[in-house]
Amino acid sequence: MKRILVACGNGIATSTVVATKIREAASERNLPVTVNQCKLMEVESMASDYDLVVTSGQFGGTVTVPVVTAISLLTGIGEDETIEEIMNFVKQ
Amino acid sequence: MFIFDFFIKAGPIVMIPVIITIIGLVFRLPLTKAFKSGLIIGIGFAGINLVIGLLTSNLGPAAKAMVKNFGIKLDVLDVGWGSIAAVTWSSPIIPILIGTIFVANIILLILKATNTLDVDIWNYHHMAIVGVMTYFVTENILVSILAAASMAIITFKLSDWSQPLVSKYFGIPGVSLPTVSAMSSLIIAVPLNWLIDKIPGVNKINLDMKNAKKYLGFFGEPMIMGLLLGCAIGALAKYDLTRIFQVGVNMAAVMVLIPKMVALFMEGLMPISEAAKKLTSKKFKGRKFFIGLDAAVVVGNPEVITTALILIPLTILLAIVLPGNRLLPFADLAVIPFRVALVVALTNGNLFKNIIIGLGTMSAILLAGTATSPVLTALAKTVGINVAGGGLISSFASTSLTASFLVFKVFTSNLWITLPVFIVIFAVVWIYMDVIRPKKTHQSGDEVSL
């Protein structure tokens, strides 16, 4: 099972939106995932426990796992493409 | 009338699920989904109330002892923006105010007076609280609706005007940030920035503190901040060692638990936000606009984090030395990045200016937070918030924010004087920003910046 860490500015608002959409997309496709949320400031110390980091906005840090920027899940523009990108990763 | 009395008596814990269900139905959610949203938000309210109880019963007496021992008069507790958002969402008039803000946005879009489409319903609470507090003071629903509408118009216009900053500095095109907690700082930051640029010598100063994150990052984590502040205040209260650590760990708990409770609010409101997005994007199909997002999308910027980490300890010092301030910074130290995000974009990441301007905007927040804490505390008590020991509460949100404070003052003072003044000033700024400035920048060929 793939573990995904979703991060945003305060670990509350936009990360909840992104995390919920990832969970919904995964359950529609019958793919098992674990999705947790955190603050952007905590990403560097937490990322090593996850397979993928998804951020709702700009992320300036460096981590060893792949990072997907998912601002499209908030604006709705290019939303499907980003979801596909994340789901393709989960399928691997 | 009987039903109305029933809900007033039952309090927010019963009222919130009902109110949110109604808002959900207005945005055409299915009944079960709308009700579930309401119940989740009700649960969030119950959780926040527990944590505020923990916060005020620990920090309140310690802060009072600190005042007595050392004369550091910081007896207004910062319970955090999330607690204030809970108060806002549990007001009986919240459906009217949310509707007002939503309709104000639609009308301005139709009139082409704004380009910001703001369906980030979650952050409506920053605008709505001004209406809620105005209603609490004036008991006039019309004035309160006008106050909320004014907040909305100011927020959408500031979002339009600062959109080039967001696009250029943070590299996010097509997006504006109608989040009052971030936007409000510009009211002080823009003139201050202009002033600093005019002072010879000073306008050349820049600082480089790339290592700030390495050294201060640890202290910037909310749980560490809570522990250290709790222990420090316990020590200033002259508690014995065991009690100092008890206060410290309890405060670390508060810092971690408040956001978890607030996340329930977000979870409950998300289906409504999504429904509103679908509804409006259908209406304005083909029209080009900026999508209004939570400022959370830009606070991950490294310069914003560096500025915030430096400003957190400075804000605590500022609170002690600033004449007239009684607000004890605590829960909202964690959201200082939001208060400085647009300042950083405005100065193009000049750290020296960020710190000076940041201190300016934080001073305004502390003083407005102190000034409006009696009203806020009284309001919080009416919705059943558990403020232990009869102290005062405030935050770095609601009417502590410069824009919100000004609008609140306009609508709770003598309207015949304040309202015309407000309208004239806002109209002048609007004409300058939308008519005069575009011409000027066009002629000189300058890049557009605030």
Side-chain angles (χ1 to χ4, degrees), chain A residues 4-25 27-28 35-49 52-63 65-83, chain B residues 81-82 85 117 119-120 122-123 169-175 177 179 181-182 213 217-218 220-223 256 258-271 273-274 277-278 281 290-306 308-309 334-335 337-338 341:
Chain A
I4 301 176
L5 183 65
V6 179
C8 77
N10 51 18
I12 299 173
T14 54
S15 61
T16 305
V17 177
V18 173
T20 310
K21 287 191 174 170
I22 293 174
R23 282 194 199 104
E24 276 172 5
S27 78
E28 276 168 21
V35 183
N36 285 325
Q37 289 165 242
C38 74
K39 292 186 201 343
L40 278 164
M41 275 166 134
E42 298 166 336
V43 169
E44 282 171 317
S45 63
M46 293 174 72
S48 55
D49 297 331
L52 178 71
V53 171
V54 178
T55 65
S56 68
Q58 222 186 4
F59 173 62
T62 44
V63 289
V65 296
V67 179
V68 173
T69 306
I71 198 166
S72 62
L73 299 192
L74 305 175
T75 61
I77 299 162
E79 181 167 348
D80 297 340
E81 288 85 343
T82 308
I83 282 287
Chain B
W81 64 277
L117 172 68
V119 288
D120 178 18
W122 162 251
N123 277 307
Y169 188 78
F170 296 112
I172 313 176
V175 163
L177 306 175
T179 314
S181 55
K213 206 176 151 198
F218 176 73
E221 288 198 28
M223 62 174 91
V256 174
I258 287 188
K260 301 255 185 243
M261 300 305 166
V262 179
L264 287 169
F265 269 71
M266 187 63 207
E267 207 183 312
L269 281 171
M270 201 191 118
S273 260
E274 289 293 306
K277 200 159 87 186
K278 275 199 191 109
S281 57
F290 310 132
I291 294 171
L293 289 187
D294 190 315
V297 296
V298 299
V299 299
N301 174 280
E303 273 81 24
V304 173
I305 292 180
T306 304
L309 285 173
V335 289
F338 285 80

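Residue numbers start from 1 in every chain, and the chains themselves are labelled A, B, ... in the order their sequence lines are given, proteins ahead of strands. Here the structure is a predicted model, which is why all the values come from computation and not from measurement. Note: hydrogens, waters and symmetry copies are ignored here, and every other heavy atom, side chains too, is used.
B:Leu293 contributes atom CG, which lies 6.5 Å from atom OG1 of A:Thr75 (distance to the nearest 0.5 angstrom). Note that OG1 of A:Thr16 is 8.5 Å distant from CE of B:Met270, once rounded to the nearest 0.5 Å.
No part of B:Leu117 comes within reach of chain A, as not one of its non-hydrogen atoms sits under 4.5 angstrom from that chain. Heavy atoms closer than 4.5 Å to chain A are found in both the backbone and the side chain of B:Val262. For chain B, no part of A:Gln37 is nearby; none of its heavy atoms comes within less than 4.5 Å. For B:Leu309, the part sitting under 4.5 Å from any heavy atom of chain A is the side chain, from C-beta outward, and nothing else. With a threshold of 4.5 angstrom between heavy atoms, B:Phe338 approaches chain A through side-chain atoms but not through N, CA, C or O. Heavy atoms of B:Pro337 lying under 4.5 Å from chain A are absent altogether. With a 4.5 angstrom heavy-atom cutoff, A:Ile12 touches chain B via backbone and side-chain atoms both.
Surrounding CE of A:Met46 are more than 12 heavy atoms belonging to other residues, nucleotides or ligands, all under 6.0 Å away.
Across all non-hydrogen atoms, the minimal contact from B:Trp122 to A:Ala13 is NE1-CB, 3.6 Å. Contact between A:Leu40 and B:Ala296 at its shortest, heavy atoms only, is CD1-O, 4.5 Å.
Using a 4.5 Å heavy-atom threshold, the side chains of A:Val17 and B:Met266 count as touching. Side-chain contact check for B:Pro222 versus A:Lys39: some heavy-atom pair is nearer than 4.5 Å.
At distances below 3.5 Å, at least one donor-acceptor pair connects side-chain atoms of B:Lys277 with backbone N or O atoms of A:Leu74.
If you tally non-hydrogen atom pairs under 4.5 Å between each of B:Pro302, B:Ala295, B:Pro259, B:Ala263 and chain A, the highest count goes to B:Pro259.
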**OP:** Go through the steps for A:Lys21 and B:Glu274 under the test side chain to side chain contact (heavy atoms under 4.5 Å, CB included), then give the verdict.
**Re:** CA-CA 11 Å; A:Lys21 287 191 174 170; B:Glu274 289 293 306; 3.2 Å; yes
